[in-house]
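Let me begin by presenting the structure, written as structure tokens, before commenting on it.
Within every chain, numbering begins at 1; the chains are lettered A, B, ... in the order of the sequence lines, protein sequences first and strands thereafter.
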Number of protein chains: 2
Amino acid sequence: MIKIRDLQYLQAVAHYKHFSQAAEFCHVSQPTLSGQLIKLEQHLGLQLFERSRQAVLLTTAGKQLSVKAQAVLNAAIDFEQTAKELTDPLIGELHIGLIPTLAPYLLPRIMTPLKNALPNMDLFLYEKQTHALLDDLSQGKLDILILPWLENMAQFERYALFDEPLVLMAPTNHRLINQSTLVLADLRGQELLTLEDGHCLRDQAMGFCFAAGASENTQFRATSLETLRHMVISGMGLTLMPELATTGLQNGNLVAYRQFDDPKPFRNISLLIRPNFSRLASIQKVVATVKQEIA
Amino acid sequence: MIKIRDLQYLQAVAHYKHFSQAAEFCHVSQPTLSGQLIKLEQHLGLQLFERSRQAVLLTTAGKQLSVKAQAVLNAAIDFEQTAKELTDPLIGELHIGLIPTLAPYLLPRIMTPLKNALPNMDLFLYEKQTHALLDDLSQGKLDILILPWLENMAQFERYALFDEPLVLMAPTNHRLINQSTLVLADLRGQELLTLEDGHCLRDQAMGFCFAAGASENTQFRATSLETLRHMVISGMGLTLMPELATTGLQNGNLVAYRQFDDPKPFRNISLLIRPNFSRLASIQKVVATVKQEIA
DNA sequence: GATGTTGATAGGTATTATCTATACAAGCGC
DNA sequence: GCGCTTGTATAGATAATACCTATCAACATC
């Protein structure tokens with residue numbers, strides 16, 4: 001296969017019509033350039049130049065190949081130029097995956113500052129359940145996950161972002177809303193509404209509830225957090241709700257949210273990347289932005 | 001500057017997502033490929049791959065550069081392919097220059113067989129006076145000249161094609177047409193019609209005439225051989241005419257052409273190329289064709 | 001925990017691009 | 001005609017580097 005250097009020599013001679021001048025232009029000695037071009041001609045099996053003392057002429061083949069050579073060089077220059085632009089880790093695309101019980105409540109709070117922190121990056125957002133997110137991250141379809149950290153995610157590099165408390169959501173007149181203190185143990189004997197299978201929030205919330213002695217309403221399972229919220233609003237029961245999904249909402253006076261006293265149940269929202277992900281600078285920006293906005 | 005080999009390595013890994021398999025595909029050892037790609041990454045100042053045991057992933061930069069790399073490789077392949085097609089010396093362009101006192105009479109006889117002998121070449125024909133032809137040949141604007149050879153053309157490589165006699169053209173009733181023998185010396189005392197300056201035929205014909213003791217009609221000078229012919233037809237005098245310009249013509253009975261007895265005046269029609277012209281095979285075809293057709 | 005897979009590393013070798021010095025050929029000037 | 005200049009090719013040495021084999025390190029799998 002030809003070498004780009006040889007094509008540069010070819011183009012230099014095509015331009016200067018003079019070996020010595022072309023060699024100077026290429027910052028090599030004249031014999032070097034001569035020798036390499038002779039080799040190129042041998043490799044191609046044809047003559048590129050008609051050499052004479054007066055002037056170096058391009059043969060017909062030389063003229064045509066000079067055009068092709070320039071095309072190769074242009075492509076190579078384009079390659080290098082693109083590479084140069086890509087060296088800035090804060091330029092390019094960032095594909096971010098989040099879980100459905102987090103995305104709708106977190107994104108409105110971080111997207112504007114994130115775009116400000118990374119003005120030259122194109123941010124792509126994906127909302128999937130945890131297992132799908134982990135697959136996509138492994139396969140490189142995603143660059144970043146933002147989700148509650150679990151121990152089976154140890155294969156990825158983790159940046160803890162914040163702890164999100166799980167709060168009690170219940171009708172306003174419910175006993176648990178109105179008593180002076182609220183701890184997990186108060187859930188004993190209660191029946192909680194839950195999300196359908198696949199949501200990690202379901203597993204986590206149910207973990208806390210079962211540990212506290214509560215049970216699950218098996219008749220209805222919500223397909224989303226908003227469905228779940230409306231089930232509570234319509235008086236079908238109570239549930240645990242991540243705190244971000246409870247702020248800035250007006251649900252009339254039918255339901256109320258209440259924090260547990262210590263020890264609070266919570267999920268640790270973390271940012272995951274593949275351990276050898278290259279654009280760490282952009283990751284740091286994301287981590288810093290989220291921490292600052294949710295602090 | 002990047003090397004094409006490295007881009008091949010990049011593309012192989014991008015395809016196989018596996019260093020060892022990519023190395024095998026490129027017919028090099030795995031450490032070689034690994035090492036070269038590390039160097040490439042260092043040269044570019046960015047990471048192209050995320051390496052892990054499970055799978056090699058392209059970084060965002062890697063993906064974008066892989067596209068650019070393919071563009072470079074495609075251009076390089078196109079270059080080599082073009083070179084391959086150009087190795088056939090019987091393909092391409094041939095720019096042929098002829099003089100005005102030869103072209104109109106020679107070309108009709110050789111063009112068809114020439115096109116048959118070189119079916120894949122594009123023949124370009126130019127008609128200029130000798131000095132302009134020689135300049136163009138030197139500068140590479142022309143590849144071949146076909147003209148009467150003169151000693152000042154020794155700088156070029158010469159293939160003698162044929163000797164073209166110069167014949168007497170005179171009114172039918174002219175004494176020289178009708179005498180039993182005709183030699184140059186018979187021109188003594190005659191006044192000949194000539195071409196205008198710049199035509200090599202003028203210089204050659206006048207050379208013969210003056211040596212024989214003839215003189216030149218200085219009142220009229222023809223701008224072309226056809227003008228000259230019509231001057232003779234209209235009875236203005238006599239002239240020397242190259243033989244090719246006398247065949248297949250019906251000029252009524254007003255004028256006649258007559259060969260000289262030995263020693264015949266003639267001009268040697270030769271083919272000239274630059275000494276280091278590369279496509280000699282095509283030249284040989286032209287030489288052979290002309291010789292055969294004019295034999 | 002042994003084994004296999006995979007990419008990186010180490011050290012040596014072979015290739016080759018490059019250099020300097022010089023030869024060679026062709027014009028130019030005296 | 002004889003140096004002198006110009007311009008390219010050749011020769012021989014050197015330096016850069018692409019490449020190899022052998023091995024390591026990390027991880028996965030059984």
Open item on the list: Less than 4.5 Å apart, side chain to side chain, heavy atoms only: is that true for A:L147 and A:L98?
Closed with: no

Task: A:I283 side chain reached by A:L271 side chain, heavy atoms, under 4.5 Å - done: yes

Between [N] ([atom2]) and [X] ([atom1]): distance, integer Å:
X      : N      : atom1 : atom2 : value
A:R274 : D:dC27 : CZ    : C1'   : 18 Å
A:I4   : D:dT17 : CD1   : C1'   : 17 Å
A:L40  : D:dA9  : CG    : P     : 13 Å
A:L57  : D:dG7  : CG    : C1'   : 14 Å
B:Y16  : C:dG7  : OH    : P     : 14 Å
A:E41  : D:dT8  : CD    : P     : 13 Å
A:E24  : D:dT8  : CD    : P     : 13 Å
A:E50  : D:dG7  : CD    : C1'   : 16 Å

Open item on the list: Below the 4.0 Å mark, does D:dT6 have OP1 or OP2 next to a side-chain nitrogen or oxygen of A:H18?
Closed with: no

TODO: Indicate for each nucleotide in nucleotides 18-24 of chain D, in 5' to 3' sequence, whether protein heavy atoms under 4.0 Å reach the base (B), only the sugar-phosphate (S), or nothing (-).
DONE: SBBBB--

Task: N/O donor-acceptor pair under 3.5 Å between B:E80 side chain and A:I2 backbone - done: yes

TODO: Say whether, by atom type as modelled, one donor and one acceptor occur between the side chain of A:T130 and the main chain of A:C200 under 3.5 angstrom.
DONE: no

Open item on the list: Using a heavy-atom cut-off of 4.0 Å across all strands, would you classify B:S20 as base, sugar-phosphate, or nothing?
Closed with: sugar-phosphate

Open item on the list: Can you tell whether the side chains of B:D143 and B:R279 come within less than 4.0 Å, N to carboxylate O?
Closed with: yes

Open item on the list: Less than 4.0 angstrom from a charged side-chain N to a carboxylate O is my criterion; do A:R267 and A:D163 meet it?
Closed with: no

Task: 5′-ward residue of the pair B:I38/B:Q21 relative to DNA chain C - done: B:Q21

TODO: Go through the structure and list residues passing ring pair (Phe, Tyr, Trp, His ring centres under 6.0 Å) with A:F25, not counting sequence neighbours.
DONE: A:Y16

